[in-house]
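Computed from heavy atoms alone, side chains included, the values below leave out hydrogens, waters and symmetry copies. Lettering follows sequence order; numbering is per chain, from 1.
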2 protein chains.
Amino acid sequence: MIPQHISKLQEKGFRMTQARSSIINLLENTDHPITASSIHKILKRIGVSINITTVYREIEFLLNERIIEKVPLMDNELHYEVTGRPHHHHLFCTSCSSIKDIVLQSEKGLLEEVHDASSYDITRHSLAFFGTCPDCK
Amino acid sequence: MIPQHISKLQEKGFRMTQARSSIINLLENTDHPITASSIHKILKRIGVSINITTVYREIEFLLNERIIEKVPLMDNELHYEVTGRPHHHHLFCTSCSSIKDIVLQSEKGLLEEVHDASSYDITRHSLAFFGTCPDCK
DNA sequence: ATATTAATGCAACTTGTTTGCATTATATAA
DNA sequence: TTATATAATGCAAACAAGTTGCATTAATAT
Ligand SMILES: [Mn+2]
Ligand SMILES: [Mn+2]
Ligand SMILES: [Zn+2]
Ligand SMILES: [Zn+2]
C-alpha cells in the first residue's frame with residue numbers, strides 16, 4: 001500500500017528480493033503485530049515459500065533498518081510491525097488472542113513523568129493492555 | 001522477607017517444598033523481574049540445585065496462584081516478579097540490560113482513556129520503557 | 001551478457017519450554 | 001512414630017524458537 005519503505009531501501013543500495021518485498025508488503029498490509037512464524041505461514045499460504053531462516057534474517061535486517069519494530073506481549077514469541085504509522089500501542093484479548101492498535105492521547109504526561117522521575121534517556125516504550133475484547137464479552 | 005505468599009499457599013493446602021519456597025524467597029528478595037534460567041542459575045549458585053523442569057513447572061504453578069506475574073520485555077525470554085508489591089512498571093537499560101522498577105503517578109488517566117476508548121474489559125497492563133540508565137550515560 | 005556479491009536454502013546446532021513416567025518426599029492420619 | 005496418599009520431582013526425550021556455516025542462487029551494475 002505504502003511502498004515508501006521499499007524505495008528507501010533501494011536508495012540505500014540494498015537489493016529488493018522477493019523475500020524482502022513480500023515480507024514488507026505483508027507487514028504493510030497487516031493491521032496488527034505478527035510473529036516470525038506467522039509471517040512464514042501467511043506467505044506460504046499465498047504462494048510465497050521462503051525459508052524460515054530467511055524470515056528470521058530478514059526480520060533482523062528490517063529491525064536494523066528501522067523498517068519494523070518489536071512488540072513484546074505476554075507471549076514467548078516476539079511480534080513485529082512496520083514503523084512509520086501513527087504512534088500507538090496495543091490491546092490484547094486474552095480470550096481470542098486478537099491484537100488491536102490503540103492511539104493514546106494521554107501518554108504525553110506519562111512519558112514526561114518517566115523522564116523526570118528516572119533520569120534515564122528513554123528511546124522507546126511499549127504499552128500493552130490485556131483483557132477481553134467486545135466480541136468476546 | 002515477607003513470607004505471606006508461603007503461608008497463603010500452605011493454607012490453601014499446597015505442599016511447601018524446597019523448590020517452591022526457595023523460588024518464592026528468591027523472587028521476594030529480588031528487586032527486578034528475572035527469567036526462568038536466571039532463577040535456575042542463582043539457586044544453583046547458592047546451593048539449591050533443582051532441575052530446570054521443576055523451575056518451569058513451579059513458575060506455571062505460581063502464575064496460576066497469582067504469586068508471580070509475567071513481565072514482557074524486548075526479549076525472547078519472559079521475566080517474572082512477585083505480586084503484592086506496590087503497583088509499578090519497568091525501565092530497561094539497553095546498554096547494561098539492567099531492569100529497574102518505576103512507580104507512575106500519572107498512569108491513572110491513561111488507564112481511564114484506554115477503558116473509555118476501547119470498550120475492552122482490561123484486566124492487566126504492562127508498561128515498559130527502554131533507554132540508557134544514569135550509570136551507562 | 002557478464003561479473004560481483006547480497007541474499008538464500010539447507011542442515012546442523014543452540015536455547016527455551018513441555019511432557020511422560022518412574023521415583024521421592026511432604027503432609028496427614030493411624 | 002510409622003504408614004499412607006499423592007503432590008512434587010528428576011530424568012530423558014520431544015518440541016519449538018532462533019542461529020550459524022557454507023555452498024548456491026539471483027539481484028544489481030557494468
Ligand atoms: Mn507511546
Ligand atoms: Mn500501571
Ligand atoms: Zn477477543
Ligand atoms: Zn545501564
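- Dashed line: the shortest gap from a side-chain N or O of B:Thr17 to OP1 or OP2 of D:dA8 is not under 4.0 Å.
- In this structure, B:Lys70 and B:Leu78 approach most closely via the heavy-atom pair CD-CD1, 3.8 Å.
- Counting heavy atoms of neighbouring residues, nucleotides and ligands inside a 6.0 Å radius, atom CZ of A:Arg66 does not exceed 12 of them.
- Atom CG of B:Leu43 and atom P of D:dG10 are 11 Å apart (whole Å).
- One can place CD of B:Glu58 at 14 Å from P of D:dA7, the figure rounded to the nearest angstrom.
- Between B:Ile52 atom CD1 and D:dA8 atom C1' there is a gap of 16 Å when expressed in whole angstrom units.
- Side chain of B:Ser38 to main chain of B:Ile34: no donor-acceptor pair is present (N/O by atom type, distance under 3.5 Å, no hydrogens or angles).
- Of the two residues contacting DNA chain C, namely A:Arg15 and B:Ser37, the nearest-nucleotide position lying further toward the 5' end is that of A:Arg15.
- Of the candidate nucleotides D:dG18, D:dT6, C:dC10, C:dC10 has the atom lying nearest to any side-chain atom of A:Asn51.
- More than 12 heavy atoms of other shown residues, nucleotides or ligands fall within 6.0 angstrom of atom CD in B:Gln10.
- OP1 or OP2 of C:dT15 has not a single side-chain nitrogen or oxygen of B:Asn76 nearer than 4.0 Å.
- In this structure, CD of B:Glu60 is placed 18 Å from P of C:dG16, rounded to the nearest angstrom.
- In this structure, of C:dG9, D:dG18, C:dT18, it is C:dT18 that holds the atom nearest to the side chain of B:Tyr56.
- Not a single donor-acceptor contact under 3.5 angstrom links the side-chain atoms of A:Arg57 to the base of D:dT19.
- Place B:Phe14 and B:Glu77 on DNA chain C by their nearest nucleotides, and B:Glu77 ends up nearer the 5' end.
- To the nearest angstrom, P of C:dT15 lies 19 Å from CG of B:Leu78.
- If you measure from atom CG of B:Leu63 to atom C1' of C:dT18, you get 15 Å, rounded to the nearest angstrom.
- Atom CD of B:Glu65 and atom C1' of D:dA7 are 13 Å apart (whole Å).
- When distances are taken from the side chain of B:Thr53 to each of C:dT26, D:dA12, D:dT28, the shortest belongs to D:dA12.
- For the pair A:Phe61 CZ and C:dT8 C1', the computed distance is 14 Å after rounding to whole Å.
- If you check C:dT26, C:dA27, D:dT28 against the side chain of A:Gln10, the one that comes closest is D:dT28.
- Here the closest non-hydrogen pair linking B:Ser37 and B:Glu77 is OG-OE2, 3.0 Å.
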